[in-house]
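Residue numbers start at 1 and run along the sequence shown.
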Amino acid sequence: MKELKDFLAAIGVVYEPAGERISLNNRRFVVTPVVSARIHDKGRMIYAGKLLGRTKGEFIPGAGLLRELGGMEEPHKVWVDERVGWLFACGRDVFAESVTKSEGELANGTYFLVMMGGDCLGYGRVEAQRGRTILRNIFDLGDF
């Protein structure tokens with residue numbers, strides 16, 4: 001689960017899900033001790049407990065994990081309005097001037113959760129592009 005730890009470190013959060021973490025195919029879950037005790041053959045399972053996300057070279061968080069992280073105080077976050085939020089959910093990047101509020105410095109290479117109101121829409125990485133600072137869309141809930 002190195003990919004999960006790398007993702008959490010990139011957005012600046014210390015998160016330890018309650019329960020045992022298990023891997024099924026390329027998906028990562030957290031299960032209660034009761035469920036964990038009943039798992040005998042992971043090879044035939046496709047889903048168990050709470051989905052954290054999946055790994056495809058890098059960790060891609062699930063909607064539930066993003067919702068939980070969005071409610072925490074620690075992560076780097078930027079807030080956008082409805083128009084920019086919609087564009088982000090459609091796969092577009094966010095220009096620094098479209099950010100209405102941020103927690104953390106918009107420095108190159110920094111990862112941020114993108115928030116609209118109290119909802120987390122996804123996350124991105126700060127980059128410079130043609131003299132402008134942008135938040136490159138890495139993952140958004142529109143991918144679901």
Does [X] belong to the same Ile/Leu/Val/Met/Phe/Trp/Tyr cluster as [Y], with side-chain heavy atoms less than 4.5 Å apart forming each link?
{"X": "L87", "Y": "L135", "result": "no"}
{"X": "L106", "Y": "V94", "result": "yes"}
{"X": "L69", "Y": "I60", "result": "yes"}
{"X": "F88", "Y": "F139", "result": "no"}

Determine whether more than 12 heavy atoms belonging to other residues, nucleotides or ligands lie under 6.0 Å from atom [atom1] of [X].
{"X": "N26", "atom1": "CG", "result": "yes"}
{"X": "E73", "atom1": "CD", "result": "no"}
{"X": "R92", "atom1": "CZ", "result": "no"}

Which heavy atom of [X] sits nearest to which heavy atom of [Y], and what is that distance?
{"X": "C120", "Y": "L66", "result": "CB-O, 3.5 Å"}
{"X": "V126", "Y": "A107", "result": "CB-O, 3.3 Å"}
{"X": "D81", "Y": "V84", "result": "OD1-N, 2.9 Å"}
{"X": "R136", "Y": "D93", "result": "NH1-OD2, 2.6 Å"}
{"X": "T100", "Y": "V80", "result": "OG1-N, 3.9 Å"}
{"X": "F59", "Y": "R28", "result": "CE1-CG, 4.1 Å"}

Measuring only between side-chain heavy atoms, which start at C-beta, is [X] closer than 4.5 Å to [Y]?
{"X": "V99", "Y": "F112", "result": "no"}
{"X": "T110", "Y": "E105", "result": "no"}
{"X": "P75", "Y": "Y123", "result": "no"}

Would you check, one step at a time, whether the test side chain to side chain contact (heavy atoms under 4.5 Å, CB included) holds for D140 with V114? CA-CA 9 Å; D140 60 72; V114 177; over 6 Å; no
Y47 six-ring face occupied by R27 cation (under 6.0 Å, within 45°): no
Nearest 0.5 Å, please: how far is [atom2] in [Y] from [atom1] in [X]?
{"X": "L65", "Y": "L8", "atom1": "CG", "atom2": "CG", "value": "6.5 Å"}
{"X": "M116", "Y": "R83", "atom1": "CE", "atom2": "CZ", "value": "12.5 Å"}
{"X": "L141", "Y": "D119", "atom1": "CG", "atom2": "CG", "value": "8.5 Å"}
{"X": "F95", "Y": "I134", "atom1": "CZ", "atom2": "CD1", "value": "6.5 Å"}
{"X": "L52", "Y": "F7", "atom1": "CG", "atom2": "CZ", "value": "10.5 Å"}
{"X": "L113", "Y": "W79", "atom1": "CG", "atom2": "CH2", "value": "9.0 Å"}

Before you tell me yes or no, could you show the steps for M115 and K101 under side chain to side chain contact (heavy atoms under 4.5 Å, CB included), namely the whole-Å CA-CA distance, both residues' side-chain angles and the distance that decides it to 0.1 Å? CA-CA 9 Å; M115 308 289 292; K101 176 182 162 188; over 6 Å; no
Take I138 and E58 through the test side chain to side chain contact (heavy atoms under 4.5 Å, CB included) and record every step on the way to the result. CA-CA 11 Å; I138 295 175; E58 64 182 350; 4.1 Å; yes
If we ignore hydrogens and angles and just use 3.5 Å, is the side chain of K50 paired with the main-chain N or O of T32 as donor and acceptor? no
Show your reasoning for whether salt bridge (Lys or Arg N to Asp or Glu O under 4.0 Å) applies to R54 and E3. CA-CA 9 Å; R54 67 183 190 272; E3 295 88 357; over 6 Å; no
